[in-house]
Protein chains: 2
Amino acid sequence: MKVLIVEDDPLHRSYLHEAVRSALPECEQVLEAENGGAGEKLARENKSAHVVMDLQMSARNGIEAARTIWKERPDTRILFWSNYADEAYVRGVSRIVPPGAAYGYVLKSASDDRLKLALRSIFIESQCVIDREVRGLQQKSLGHANGFTDSEYEVLMDIALGLTDRAIAKRRNLSLRSVQNRLQQLYEKLDVYQPMTDSEESRFNLRARAVTVAFLRKLLNYSALERAEAELAEWLATR
Amino acid sequence: MKVLIVEDDPLHRSYLHEAVRSALPECEQVLEAENGGAGEKLARENKSAHVVMDLQMSARNGIEAARTIWKERPDTRILFWSNYADEAYVRGVSRIVPPGAAYGYVLKSASDDRLKLALRSIFIESQCVIDREVRGLQQKSLGHANGFTDSEYEVLMDIALGLTDRAIAKRRNLSLRSVQNRLQQLYEKLDVYQPMTDSEESRFNLRARAVTVAFLRKLLNYSALERAEAELAEWLATR
DNA sequence: ATCCGTCTTGCAGGATCCCGCAAATTTTCT
DNA sequence: AGAAAATTTGCGGGATCCTGCAAGACGGAT
């Protein structure tokens, strides 16, 4: 068995290396890459079927890397190992995992044992292992209780990118009014209607405010924005 | 000499601990805190005059912590040790450093030697040490060549928070039109006027787009937003 | 003092955004 | 199939945003 580690931070990389060695004695070789691009390349060359991947790397995003790896070999097992459980990350991951693939999502704050257990479960037993904190988010985002519809999430990304109502309508094949409907739902759910002061006027710009509170609530983050921007550029090219 | 380490990540914390021990043999005691709040408390109790501080911690921001520490004891020496050199961080730091204080800004990607040298320079020699990458940003942001005026940065934060033109005017004691002038300068500098397609209409919503490209350019980031939101709440309270 | 550049302010108008209302369409459920 | 619920769409109007034009205000330099 070969294991590929894709991780920015040298300290974390060597810690992971050590953890893999000790949790998987049957592993003959541990490869290391320090960004998404190098990770994709190594995975291709070595046909690695076992990857530990950091999200949030400077050069190339972990999610991007995972997507191309899975596109080439959908049975690859990937353990995502991240600092944060932002909803943006969780959504990003579950959007790209191929049907039936074994993967995991473990926080860096998890204990040694938890990490090692996850390594064995995913790489040996082909099970999915998702940290409880992350799992909670997943369910909340699916259960429509307080979560967001995919279509709402779409418009959220679109206004975060700075698109016009009209532009969104074109991109999503909707009428202007429908876009605005979705926006209203979004504003409702993000609870953006609070007046600035109890006194009188002076409110928020709903559109901009929505993006802000989405950020503060971790529905959005830098890498989600980065991905969205890339997708937008892609779409623009086809017009 | 006592040194206080404020850092989220256990791995980085112990690495720092080791680096301090080896670079500063005259240091008798190394204290550790795992978030900003605990850091402030320890600094107060131990009157630590030497701090190594991570920015970007989950519980309480490194910049916030540094601000309160410096407010209580302005001669404290603080070395900021961060993953990123976002302009948002650099601006945030230089906004709070007291006149004449010795501080440093070193990236986590720097070599062992660089870190140790910085530790000695700041804590022993009371010099300011700022990584070249960071320094570059500082100068660019000051030299008005391509950088942003403080007033432009202010409106940027304000629209990022989702404030109305009118609200910004009140907050900054300006007329409506002046705010809009600043916004125009901002749009100009952020180069937000590009049409979406070469063909015809369908452009960006300038206001939202400006915030986005500011994010992508690292002029803004999560912690800057967090701080701005707190300041806004504070201001709202005084109305 | 005068000149010059920068910053500020007002006004006006066109574009966009936000939203209530209501009809048409699709989806879901029985 | 038929009814109920949700979604989509059009229209219209009020609020906000973006901008050109032009007149003061302030400060520094000659």
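Quick caveat: nothing in here was measured; it's all calculated off a predicted structure. Order of the sequence lines sets the chain letters (A, B, ...), proteins ahead of strands, with each chain counted from 1.
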**Q** Keeping the roles fixed (side chain from A:Arg77, backbone from A:Val51), state whether a donor-acceptor pair exists under 3.5 Å.
**A**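 No; zero donor-acceptor contacts below 3.5 Å.
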**Q** For the residue pair B:Ile96 and B:Ala66, what are the closest heavy atoms and their distance?
**A**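 It is CD1-CB, 3.9 Å.
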**Q** Round to a whole Å and report the spacing from CD of B:Gln180 to P of D:dA22.
**A** 19 Å
**Q** Could you check whether any side-chain N or O of B:Asp8 sits under 3.5 Å from a backbone N or O of B:Ser58, counting only pairs where one atom can act as donor and the other as acceptor?
**A**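 At least one qualifying donor-acceptor pair exists.
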**Q** Is the A:Tyr105 ring parallel, tilted or perpendicular to the A:Phe80 ring (thresholds 30°, 60°)?
**A**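 If you compare the ring of A:Tyr105 with that of A:Phe80, the planes turn out tilted.
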**Q** I want to verify a distance call: between C:dC19, D:dT16, D:dT19, whose nearest atom is closest to the B:Tyr193 side chain?
**A** D:dT19
**Q** Please check this pair: side chain of B:Asn205 against backbone of B:Ala208, looking for a donor-acceptor N/O pair closer than 3.5 Å.
**A**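 At least one qualifying donor-acceptor pair exists.
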**Q** What integer distance in Å separates A:Arg172:CZ from D:dT8:P?
**A**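 So the CZ-P distance, A:Arg172 to D:dT8, works out to 13 Å.
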**Q** Between P on C:dT16 and CZ on B:Arg203, what's the gap in Å once rounded to a whole number?
**A** 8 Å
**Q** Considering only side-chain heavy atoms of A:Leu206, which listed nucleotide, D:dT19, C:dC19, D:dT16, is closest?
**A**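 Within the option list, the nearest is C:dC19.
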**Q** Return the value, rounded to whole Å, for the distance between atom CD1 of B:Ile159 and atom P of D:dC17.
**A** 11 Å
**Q** For A:Glu34, look at atom CD and say whether over 12 heavy atoms of other residues, nucleotides or ligands are found less than 6.0 Å away.
**A** no
**Q** Measure the distance from CZ on A:Arg209 to C1' on D:dA15 and round it to the nearest whole Å.
**A**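 Computing the A:Arg209:CZ to D:dA15:C1' distance gives 20 Å.
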**Q** In whole angstrom, what separates A:Asn205's CG from C:dA15's P?
**A** 20 Å
**Q** Identify which nucleotide among D:dC17, D:dG20, D:dC18 has an atom closest to any side-chain atom of B:Leu183, counting heavy atoms from C-beta outward.
**A** D:dC18
**Q** Five pairs at each end of the helix from C:dA1-D:dT30 to C:dT30-D:dA1: take the axis at both ends and give me the angle between them to 10°.
**A** 40°
**Q** In B/S/- notation, 5' to 3', how is nucleotides 4-10 of chain C contacted by protein heavy atoms closer than 4.0 Å?
**A** ----BBB
**Q** Do we get B:Lys108 above B:Tyr84's six-membered ring, with its NZ or CZ under 6.0 Å from the centre and within 45° of the axis?
**A** no
**Q** Are more than 12 heavy atoms from other residues, nucleotides or ligands located less than 6.0 Å from atom CZ of B:Arg95?
**A** no
**Q** Sub-3.5 Å donor-acceptor pair from the side chain of A:Asn61 to the main-chain atoms of A:Ile63, do we have one?
**A**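 Such a contact is found between A:Asn61 side chain and A:Ile63 backbone.
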**Q** For D:dG20 and B:Gln184 - does any side-chain N or O of the residue sit under 4.0 Å from the phosphate oxygens OP1/OP2?
**A** yes
